[in-house]
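A quick write-up on the structure given underneath.
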Amino acid sequence: MELIIHDFELPLLHPFTISRETITVQPTVIVELRDGDLSGYGEATTNRYYGATKEQLRASLESLRETVEKFDWNDPAELWEIAHDKVEDTFALCALDLAAHDLWGKRLGKPVYELWGLTTDKNPVSNYTIGIDEIDVMVSKMQEFSDWPVYKIKLGTAHDLEIVEQLRKHTAAPFRVDANCAWSAQQTIDFSKPLADLGVEFIEQPLPADQLDQMEEVFDLSALPVIADENCLVPEDVDACIGRFHGINIKLVKCGGLTPARKMIQQARQAELKVMVGCMTESTVGISAIGQLLPMLDYVDMDGAALLASDIASGCEVKQGVCCYPDVPGNGVTLLG
Ligand code: MG
């Protein structure tokens, strides 16, 4: 087995702004696990909030090189366990675990979801995400993707309700909002009723992650369900969300890949929490891994590759919110030459 580390700069279709930053290019690291004629691909995009840089990712992956190239595994979870004992960098673990799953399915000639015993006929549709901007720009971003079935609106400005009111004038599709930690508990409670009246189905991560205790009041008084994102990174975080959130948004780079993501889904189901998987502006490499989890989810945000001006791979393609699977086993990824 050979570990090959690639990195790319993914150009975005539009500058993407959330409550804490704006980006125009998304750096990403691609892991290739090559075994004879077969290659499995995994991805982790970099992220300033989580301190994940290309350099850090490469260093973590290099420290795993000997293990990865020598260890003979049958199930990707075996590789994940041994790698997790050696490094804590969930972004690196994610890229490695996604590649291991892609290779696993390619070895067995089947899509990963099928190897997990899942079928794709009841998949949820994905939202299209609209980053923060001038309101008329946000409206035109939505209109550019007017055939998507649901929109996720990034909030955290001084005029959040007005943004949703204006967008509502141009579509009847359901909305979700994501404040990325920008609101207070009182603001969240106050906004929840008017947002519900505007056809918003849930609020994602309203409060800063260190204000988890205040989420109990929000949980009780909000007119809308609240979904944890920055408060729910790894399997160990799920229990603390019970009674504070109605659901969790899992990100593969934050938890460390498909192996821990499946653990979190199981935990959430036991606690009767709703389950969403989100993306971090990944290329089709990362998005295709999310496609494998799709049959297990209530909600999904897998528009990452749709936000890019150009892609580096083919695989699961999300068209008008619907995930279309390629005729390639594993996660279905082929790196474009
Ligand atoms: Mg979020």
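Counting starts at 1 for both ligands and their atoms, in listed order. Quick note: residue numbers are just sequence positions, from 1.
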Among the N, O or S atoms that Glu204 has, which is closest to the Mg ion (ligand 1)?
OE2
Closest N/O/S atom of Asp229 to the Mg ion (ligand 1), by atom name?
OD2
Which of parallel (below 30°), tilted (30 to 60°) and perpendicular (above 60°) describes Phe191 and Trp183?
perpendicular
Are the charged groups of Arg58 and Asp7 less than 4.0 angstrom apart, N to O?
yes
Got a salt bridge between Arg34 and Glu69, using NZ or NE/NH1/NH2 to carboxylate O under 4.0 Å?
no
Please determine whether Asp178 has a backbone or side-chain N, O or S atom lying under 2.8 Å from the Mg ion (ligand 1).
yes
So, Glu230 and the Mg ion (ligand 1): N/O/S under 2.8 Å, yes or no?
no
Geometric cation-pi criterion Arg176 and Tyr151, 6.0 Å radius, 45° cone:
no
